[in-house]
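Note that the coordinates shown come from a computational prediction; the quantities given were computed from them, not determined experimentally.
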Amino acid sequence: RNLESNGTTAATLLVDAKNRLKDVAFSAKGFVMTQELQDDVYDAIEHAYHQVPKGDLEDSGAIQEEVRRVIRRTIYQSNGKRPVTMVHVLRV
């Protein structure tokens, strides 16, 4: 029911061996995603990643949780939806 009423989002963060954020991919289904909202989400993801304490950058779970929260917050502030959100951290 949550998927039906709020949609779903997925973000993939590409992180290099020195814990630098190299790329972000984001997708959303089940609600209207304007270009402005998409830009806001990308900005929020990058900001959230850079706010993770340096000591936690090795912990993919800490990164995933921080990014998941900021995606949901950004979308909720824009359109009142709370999508199911998945975040993947790929290390290269």
Query - Residue pair V92 / V15, side-chain heavy-atom distance below 4.5 Å - result: no
Report task. Give a yes or no answer on whether the side chain of N6 reaches the backbone of R82 with a donor-acceptor pair at less than 3.5 Å. Result -> yes
Requested in this report: Measure across P83 and F31 and return the closest heavy-atom pair with its distance rounded to 0.1 Å.
Outcome: CB-CE2, 4.0 Å
Query - Pairwise distance CZ(F26) to CD(Q38) - rounded to 0.5 angstrom - result: 7.0 Å
Query raised in the report: Within a reach of under 6.0 Å around CD of E36, are more than 12 heavy atoms found that belong to other residues, nucleotides or ligands?
Result: no
Query raised in the report: Only one of V24, V89, D23, L21 clears side chain to side chain contact (heavy atoms under 4.5 Å, CB included) with L14; which?
Result: D23
Query - Test item: L57 and D59 side chains (from C-beta on) under 4.5 Å apart, heavy atoms - result: no
Query - Heavy atoms from other residues, nucleotides or ligands near NE2 of H47 exceed 12 (cutoff 6.0 Å) - result: no
Report task. Hey, could you give me the OG1/NZ distance between T9 and K29, rounded to the nearest 0.5 Å? Result -> 12.0 Å
**Report entry** Distance-minimising heavy-atom pair for I63 and R91
**Finding:** CD1-NH2, 3.6 Å
Requested in this report: Measure the CG-CE distance between N79 and M33 for me, rounded to the nearest 0.5 Å.
Outcome: 8.5 Å
Query - Under 3.5 Å donor-acceptor, T8 side chain and V84 backbone - result: yes
Report summary line: The reported gap from CZ in R20 to NE2 in H50 (rounded to nearest 0.5 angstrom) is 10.5 Å
Requested in this report: Output all residues satisfying side-chain hydrogen bond (donor to acceptor under 3.5 Å, both in side chains) with E58, sequence neighbours left out; order by chain, then residue number.
Outcome: N19
Query raised in the report: Between T74 and V70, is there a donor-acceptor pair closer than 3.5 Å when you use the side chain of the first and the backbone of the second?
Result: yes
**Report entry** Test log, rule side-chain contact (heavy atoms from CB on, under 4.5 Å), inputs V41 and I75
**Finding:** CA-CA 8 Å; V41 169; I75 292 171; 4.1 Å; yes
Requested in this report: Keeping the roles fixed (side chain from E66, backbone from V52), state whether a donor-acceptor pair exists under 3.5 Å.
Outcome: no
Report task. Measure the spacing between CD1 of I45 and CZ of R68 and express it to the nearest 0.5 Å. Result -> 13.0 Å
